[in-house]
**Student:** 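Take a look at the following structure, please.
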Amino acid sequence: MSDLGSSLAEVGGILVAGGVPGYLAASAFVPGGPARTVEKLAWGFSIGASLIASIVPLSFLARVPPGWLPLLILGGLVALGASRFALDRSGSPSPAPHPGPSWMVFLLLLPIVFGVSRYALIALAEPMSAFDYLGLWGLKAKTIFGAGEVPDRLFSAFTLRFSLPEYPLGLPLLYAGTAFLLGRWDDHALALLFPLFQAAALAALYAWLRRRGASRALALGAVSPFSVFYPLYANSVGTAEVPLSLGVLLFGTSLADGLDATDRGALRRLAFGAFFVVSIKDEGWFVVLAAALVVAASALMRRRRPPFSLLAAALLPGAAVRLLHVLRRGPMPFQAFDFGYLSASRLPELAGRVKEVVTIAVEESVLPAWPALLALLLVAACGRKTPSASVLFGVLALCVAAYVVLPAFSPDPVRQIRNSFERTVAALAPLLAAALALRLVPVFSWRGAALAPVD
Amino acid sequence: MPPGDSLANRISWIRDHSSQDLFARRLAGFSGVFDRRYLLFLESARRALPAAASGIAIHVPHASDAHVSLAEYHFAPIPVLVSPARVPRGWSAAVYGDWRPPGWRVISLVPGGALIGPVP
């Protein structure tokens, strides 16, 4: 029996143990910049979480129990390998000459500290109990941990048919890996991951904005509303939306860096961002596919050669994650959707369903949020059009359109749109923040050439 | 009482329950509010299960989705069927509440219900 405090300390220690090699490995991903340490911490946490998740299938393959030795070996190999490819810090932009008064920075930090503390209290107040956690993410993780393997029945059992067996296993493997290192299942202490996912996303966004030329005050000002974004941080403890939002941010900011050729590490970050976001949820793969489509279409419309190396960095890691899942579980259709509605005879029925879900999305989600949406439009209008911002907005538009229309293919479209639309769109919030920032930074930057390469 | 929505309630909830064991904290949280007696029954049945159980069928009157997902999660990695028409061969069985299905005998009583087996 363990009390909450000691369990949290143990899980915190495990995450630090995974985060240290992650932080060291981040040297190969993060270039120089005014907030390089903050950016390395965010990427280091994400790499560390991936290491902890990865020891589970790799240990099963090697027929050894997942534990500290596999983490030590894998972490050591990753940190050593990354040290050979560490990025040069030279070429970093100089700090802003007018960073703003310290009282302003303090004031802007207050809502961020409040947002993270509030989410930590929500996460740690009780063992994880969200419906999707119990029925899906936690169920798979507890099954993997308890069975000491990834059992076939996760994908085929009648009893688990509602647990979305076709979904990727990144989050369950992270829970299971942490539990293997802890030596027991503790679904209360595991919740510590969630405020850390949030803090990593905020840190990654702040540091990226600073690297792209935003002043400290502007970067903090952009991060503040994201830290208290209620649709993302309410009822999300244990479910995939918050880690997905971190993945979407890592992928989206790296995509923008890749498009603007900011530094040598941009494509590496894009590849890791794609790996991370596709490992979490099917929606992550959709974001990657949408990005590839928009990038390719944007290049062709401007009569330019598509950036094949960037497309490969985005698509190949995601495809590899998908392939590994298919190899383990076999091909599996989307059970939640019936694409037979696309047949000619059922198109009229589909049209009625699409009209129904669009009406619900507009009436119940878009119209109630019109003041915030109007404010966002005004903010966007204050900025300047940049190619990378336009691509991110294109990805956002495709994703939102898909999240509205896809429920029309489900057995119960009304229930599906009400259950999924707001929270899946909320996970895209960091991508919107990055896209807006790309429009605003050229206007508010202290450097005219904010989008210039920094490495 | 569950932690509630306000931050002050959550802080006092953590202060009051942090020294308890994990199941006591789950019982005191929102999972317990849904049906405290059911959660107690699940935990008692889990502890009473034979170590080699290959699965468990639980008879729950008027089972909701929440009953099903809580049972599947609580017993994982052991497979669970809630109120199935037939119990798979070799599986254990339990019944929630006072009702006893015909053709089954009580093996042991647990809080909130009983572990049952077919009449020989």
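By convention in this document, chain letters (A, B, ...) are assigned in the order of the sequence lines, proteins followed by strands, and residues within each chain are numbered from 1.
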**Student:** Take atom CG of A/D412 as the centre, draw a 6.0 Å sphere, and report whether it contains more than 12 heavy atoms from other residues, nucleotides or ligands.
**Tutor:**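 Yes, the 6.0 Å shell around CG holds more than 12 heavy atoms from other groups.
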**Student:** Under a 4.0 Å N-O cut-off, is there an ion pair linking B/D65 with A/R415?
**Tutor:**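 Judged by the 4.0 Å cut-off on N to carboxylate O distance, B/D65 and A/R415 do form a salt bridge.
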**Student:** Are B/R26 and A/D187 packed together at the side-chain level, in the sense that at least one heavy-atom pair is separated by less than 4.5 angstrom?
**Tutor:**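 Heavy-atom side-chain distance check passes, below 4.5 Å.
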**Student:** Roughly how far, to the nearest 0.5 Å, is CG of A/L124 from CH2 of B/W13?
**Tutor:**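 Reported value, rounded in 0.5 Å steps: 10.5 Å.
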**Student:** Output the distance between atom CE (A/M128) and atom CZ (B/F30), rounded to the nearest 0.5 Å.
**Tutor:**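 Rounded to the nearest 0.5 Å, the CE-CZ separation comes to 16.0 Å.
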**Student:** Which distance, rounded to the nearest 0.5 Å, do you find between the CG of A/L136 and the CD of B/E72?
**Tutor:**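 These two atoms lie 10.5 Å from each other.
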**Student:** Which pair of heavy atoms, one from A/T143 and one from B/A76, lies closest together, and at what distance?
**Tutor:**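 Smallest interatomic distance, heavy atoms only, reads OG1-CB, 3.7 Å.
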**Student:** Out of curiosity, B/R25 CZ to A/D186 CG, how far, rounded to the nearest 0.5 Å?
**Tutor:**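 Those atoms lie 6.0 Å apart.
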**Student:** If you count heavy-atom pairs within less than 4.5 Å of chain B, which of A/W185, A/F131, A/F145 leads?
**Tutor:**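 Max contact count across the listed options: A/F131.
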**Student:** Within this structure, what is the CG-CD distance for the pair B/L27 and A/E126, rounded to the nearest 0.5 Å?
**Tutor:**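 Rounded to the nearest 0.5 Å, the CG-CD separation comes out at 11.5 Å.
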**Student:** Quick one, B/S18 and A/H188 - any side-chain contact, counting heavy atoms below 4.5 Å?
**Tutor:**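 The answer is no, as the side chains (C-beta and beyond) never meet within the 4.5 Å cut-off.
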**Student:** Which heavy atom of B/S69 sits nearest to which heavy atom of A/G135, and what is that distance?
**Tutor:**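 Of all heavy-atom pairs spanning B/S69 and A/G135, the closest is CB-CA, 4.0 Å.
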**Student:** Does any non-hydrogen side-chain atom of B/L22 lie less than 4.5 Å from one of A/P127?
**Tutor:**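 Side-chain contact under 4.5 Å: yes.
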**Student:** Nearest 0.5 Å, what's the CZ-CZ distance between A/R118 and B/R10?
**Tutor:**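 Rounded to the nearest 0.5 Å, the CZ-CZ separation comes to 8.0 Å.
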